[in-house]
Protein chains: 2
Amino acid sequence: MIAVSRNFNVQESTIDYGPLENDLGYVLRRAQLWVFQDFIRTMTPLDLRPAQYSVLVIIHHNPGLSQIALAGALGIERARLVRLLDQLEERKLVERRPAASDRRSHAMHLTREGERVLAGALDLVATHRLACLEEFGGPNNYETLVRLLAKFGAPQ
Amino acid sequence: MIAVSRNFNVQESTIDYGPLENDLGYVLRRAQLWVFQDFIRTMTPLDLRPAQYSVLVIIHHNPGLSQIALAGALGIERARLVRLLDQLEERKLVERRPAASDRRSHAMHLTREGERVLAGALDLVATHRLACLEEFGGPNNYETLVRLLAKFGAPQ
DNA sequence: TATTGTTATACTCTATAACTATA
DNA sequence: TATAGTTATAGAGTATAACAATA
């Protein structure tokens with residue numbers, strides 16, 4: 001009866017979650033926590049956090065865009081983006097180049113090293129995606145989730 | 001042609017999100033951000049944040065439980081819970097009572113005022129839920145989301 | 001006057017480690 | 001030895017406000 005001893009003293013299963021059980025915000029937070037932790041764990045070889053990864057992706061697909069457009073695309077404050085870019089620029093993954101038309105703004109580009117790191121990241125993301133697929137009940141459920149979540153918020 | 005002038009200079013719609021478009025972590029974060037912001041906005045009359053609300057809910061449904069069980073139920077560190085409870089205790093919403101069987105541990109209870117605030121919070125949460133229903137495409141989509149997100153993570 | 005990027009501040013949240021008092 | 005609660009610290013994330021350079 002080893003199975004019994006494993007459950008011995010596990011009090012969590014007796015917790016009554018009340019209205020949290022069907023609370024979208026609560027389950028979103030729990031799910032996001034799991035996904036981000038798995039992402040960070042998977043990305044440790046490259047030392048890339050989710051926000052840093054998404055910065056690289058957006059710059060790669062929209063080279064030359066301004067910081068304010070980048071912040072808008074990611075849904076973060078432009079003040080917060082400054083520190084993010086400082087770190088990535090320190091690691092020689094991104095470059096702030098002077099913008100041609102507006103001397104206030106910067107044109108964001110990936111360095112060659114940034115492109116290389118992003119390529120490696122995409123490989124690891126594939127692994128991470130497999131873990132998510134399993135955790136969330138297969139490709140159908142995964143795609144349903146993404147569709148229901150993405151339809152509302154992108155540009156906010 | 002007012003509609004045209006409103007869209008003038010909106011660059012965001014031309015952004016290419018690349019793989020983020022179908023990235024569960026990315027859409028989870030965007031969705032959670034929206035839901036939490038709406039929650040906080042709706043709760044301003046009671047000045048309750050999502051974490052504080054869930055503490056009240058769990059204690060109400062599991063009176064007398066220990067801090068470590070509470071932290072486990074919420075998926076937060078017990079060290080983080082200390083500050084959360086300090087604030088709620090300062091506001092006279094919760095009480096740490098000495099536990100009967102173990103003098104190291106506390107039995108958590110809501111005060112009468114805590115019960116009153118929770119009741120008011122549940123009313124506001126109903127409003128918040130309506131906003132979410134609309135934002136996420138109606139009750140069917142909402143329930144599908146909750147079901148797909150909740151099935152995996154609760155006790156983690 | 002308004003916008004881009006920056007700096008500064010404050011608060012929340014996450015993640016650890018170490019300490020105390022009990023068990 | 002291990003556990004419950006606490007304290008402390010460091011870093012990430014969020015939200016503002018204000019400033020210089022430029023539009």
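Distance Trp34(A) CH2 to dT14(C) P: 17 Å, rounded to the nearest Å. As rounded to whole Å, 8 Å separates atom P of dG5(C) from atom CG of Asp102(A). Between the CZ atom of Arg103(B) and the C1' atom of dA4(D) there is a distance of 13 Å, given to the nearest Å. For His106(A) and dA23(D), the NE2 to P distance is 12 Å, given to the nearest whole Å. Counting to the nearest Å, the C1' atom of dG5(C) and the CZ atom of Arg97(A) are 18 Å from each other. In this structure, the CD atom of Gln52(B) is 8 Å from the P atom of dT12(C), given to the nearest Å. Across the protein-nucleic acid pair, Ile76(A) atom CD1 and dT16(D) atom P stand 15 Å apart, rounded to whole Å. Atom-to-atom, CD of Gln32(B) to P of dG13(D) comes out at 13 Å; the value is rounded to the nearest Å.
In the set dT22(D), dG5(C), dT14(D), the nucleotide with an atom closest to the side chain of Arg29(B) is dT14(D). You'll find that the side chain of Gln67(A) is closest to dT6(C), out of dA4(D), dT6(C), dT6(D). Closest contact between the side chain of Gln87(B) and the listed nucleotides dG5(D), dT14(C), dT12(C) involves dT12(C). Taking every side-chain heavy atom of Gln37(B) into account, dA15(D) is the closest of dG5(D), dA15(D), dT7(D). The listed nucleotides are dT4(C), dT7(C), dT14(D); the one nearest the side chain of Arg80(A) is dT14(D). Minimum atom distance to the side chain of Arg104(B) is reached by dT22(C), of the listed dT22(C), dA8(C), dT12(C).
Among the atoms of the strands shown, base atoms are found under 4.0 Å from some heavy atom of Glu77(A). Backbone-only engagement by Arg96(A) is indicated by non-hydrogen atom pairs under 4.0 Å involving sugar-phosphate atoms exclusively. No engagement by Ala99(A) is indicated, since no non-hydrogen atom pair under 4.0 Å with the nucleic acid exists. At the heavy-atom level, Arg83(B) lies nowhere under 4.0 Å from the strands shown.
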Q: Assess whether salt bridge (charged side-chain N to carboxylate O under 4.0 Å, His left out) is satisfied between Arg83(B) and Asp86(B), documenting all intermediate values.
A: CA-CA 5 Å; Arg83(B) 188 72 66 92; Asp86(B) 287 347; 5.1 Å; no

Q) side-chain hydrogen bond (donor to acceptor under 3.5 Å, both in side chains) between Arg30(A) and Tyr26(A): does it pass, once the steps are laid out? A) CA-CA 6 Å; Arg30(A) 299 295 299 239; Tyr26(A) 179 76; 3.0 Å; yes

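Around atom CD of Glu113(A), more than 12 heavy atoms belonging to other residues, nucleotides or ligands sit under 6.0 Å away.
Considering Phe39(B), Trp34(B), Phe36(B) in turn, Phe39(B) is the only one that fulfils the ring pair (Phe, Tyr, Trp, His ring centres under 6.0 Å) rule with His128(B).
The 5' end of DNA chain C is approached more closely, in terms of each residue's nearest nucleotide, by Ser105(A) than by the other of Ser105(A) and Ile40(A). Sequence order on DNA chain D of the closest nucleotides to Phe36(A) and Ser101(A) puts Phe36(A) first from the 5' end.
Between Arg78(A) and dA18(D) there is no side-chain N or O to OP1 or OP2 distance below 4.0 Å. Phosphate proximity of dC13(C) to Arg49(B): present, with a side-chain N or O under 4.0 Å from OP1 or OP2.
Donor-acceptor pairing under 3.5 Å is lacking for the side chains of Glu95(A) and His109(A).
Gln87(A) is not listed as a side-chain neighbour of Glu90(A), based on a closest heavy-atom distance of 4.5 Å or more.
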